Amino acid sequence: MRAERFLSILIIISQKGLVTGRALAEHFEVSLRTIYRDIEKISEAGVPIAATGGKGGGYYIMENYTLNNLFLNKKEIEPLIAVMDNLKFLFGNNPQFNDIVLKFETLRNTEKKECDNLSIDMSHFSMEKELREYLFLMNKAIEENRILEFEYINRKMEYLKRVVEPIQIEFTDGHWYIIAFCTIRKDYRKFKLVRVRNMKLGGVFKKNLISKEEIKKIFSESYEKNSILVTLKFSSEIGGQLSEYFSKEKITLLENGTYIVEDFFPEDEGLKKFILGFGNDCEVIGPDKLRKKMVEYIKNIYSKYND
DNA sequence: GTCTAGTAAGGCAGCAAGGC
DNA sequence: GCCTTGCTGCCTTACTAGAC
């Protein structure tokens with residue numbers, strides 16, 4: 001704890017140039033006396049920290065002394081800083097996270113030129129404010145083993161109450177999820193954050209010792225169990241777009257210029273909408289039951305426009 | 001379980017230096 | 001001179017680890 005504070009004090013002084021002992025004491029929530037002792041120990045360790053008294057005074061690191069990037073090289077720092085930039089936007093109200101960001105910003109000062117060629121955006125345009133608030137609550141709940149209560153919007157636009165024991169925050173396919181044990185469904189579930197409303201922190205729960213790998217396996221098995229092998233035929237016009245949705249080995253180019261794609265999909269409403277998203281350029285070849293479902297689905301749409 | 005030593009931290013008092 | 005800030009010494013408290 002103390003060694004960690006020493007390093008943070010050094011980084012803060014290095015980052016800000018001049019910092020008062022009082023400011024450091026407030027930041028670390030310790031007494032001024034403790035900060036003086038810390039500064040003394042840091043100086044004894046050979047770091048040239050100097051001080052000026054009076055108004056406008058404080059601690060500073062003497063010229064020509066820089067903090068080395070001990071563990072990371074330039075190429076490793078670049079993607080980390082891009083990610084930290086994003087996470088700062090999302091977790092900015094977490095004091096512990098802000099300390100980490102400060103450390104990375106210190107690295108940025110020495111690596112600035114190398115950080116400009118990578119940009120990552122993990123925000124969501126429709127619920128920026130809620131996203132930040134929910135991520136903060138989720139993070140806190142996981143750290144303190146606390147229940148999360150929220151309303152979850154299902155496909156029928158019904159608001160269903162959920163009480164969950166959170167395990168992990170995940171960012172996949174451009175969306176944030178909370179992986180948790182649902183105390184209502186008595187099962188592990190993945191909740192899409194854009195469907196969550198009115199999230200609140202609840203009481204403390206006893207942490208289940210299930211590993212992240214086991215949970216991953218549960219979701220993977222569930223996905224496979226609910227998935228079917230689908231064969232799709234695409235027109236030559238849409239060929240270029242297929243690589244956005246499918247891996248190379250799943251796409252076969254036929255002699256007539258059309259494409260065949262074979263892949264596993266979860267068998268739900270989303271699949272039909274996904275296929276229809278390609279419009280007239282996609283045809284279901286198999287399985288037959290999906291082809292029949294598509295026919296019914298399209299008939300329903302047609303009837304809406306044929307009054 | 002109890003005692004002891006070490007460590008970390010807080011509080012207080014007094015002093016020095018610098019800026020306004 | 002007053003205010004702000006740093007510096008130091010002394011005492012106390014709380015916690016932890018090790019010895020018995």
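Since we're looking at a predicted model, the values are computed, not measured. Letters A, B, ... mirror the listed sequences (proteins, then strands); counts begin at 1. Atoms considered below: every heavy atom in the structure, side chains included; atoms not considered: hydrogens, waters and symmetry mates.
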Between atom CG in D38(A) and atom C1' in dG6(C), what is the gap in whole Å?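 Distance check: D38(A) CG to dG6(C) C1' gives 15 Å.
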
Tell me: CD1 of I35(A) to C1' of dG11(B), nearest whole Å?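 From I35(A) CD1 to dG11(B) C1': 15 Å.
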
Could you tell me which residues satisfy salt bridge (Lys or Arg N to Asp or Glu O under 4.0 Å) with [X], sequence neighbours excluded, listed by chain and number?
X: K250(A); value: D263(A)
X: K161(A); value: E149(A)
X: E151(A); value: none

So, using ring pair (Phe, Tyr, Trp, His ring centres under 6.0 Å) as the criterion, who are the partners of F191(A) when residues are at least two apart?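 Applying ring pair (Phe, Tyr, Trp, His ring centres under 6.0 Å) to F191(A) gives F150(A), Y152(A).
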
Tell me whether the OP1 or OP2 atom of dC7(C) has a side-chain N or O from Y36(A) closer than 4.0 Å.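 The answer is no; no side-chain N or O of Y36(A) sits under 4.0 Å from OP1 or OP2.
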
Set of residues satisfying side chain to side chain contact (heavy atoms under 4.5 Å, CB included) with respect to T231(A), sequence neighbours excluded: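 For T231(A), the residues satisfying side chain to side chain contact (heavy atoms under 4.5 Å, CB included) (neighbours in sequence not counted) are I260(A), E262(A), I285(A).
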
All N/O contacts under 3.5 Å from nucleotides 11-14 of chain C to the protein, with atom names and distances to one decimal?
none

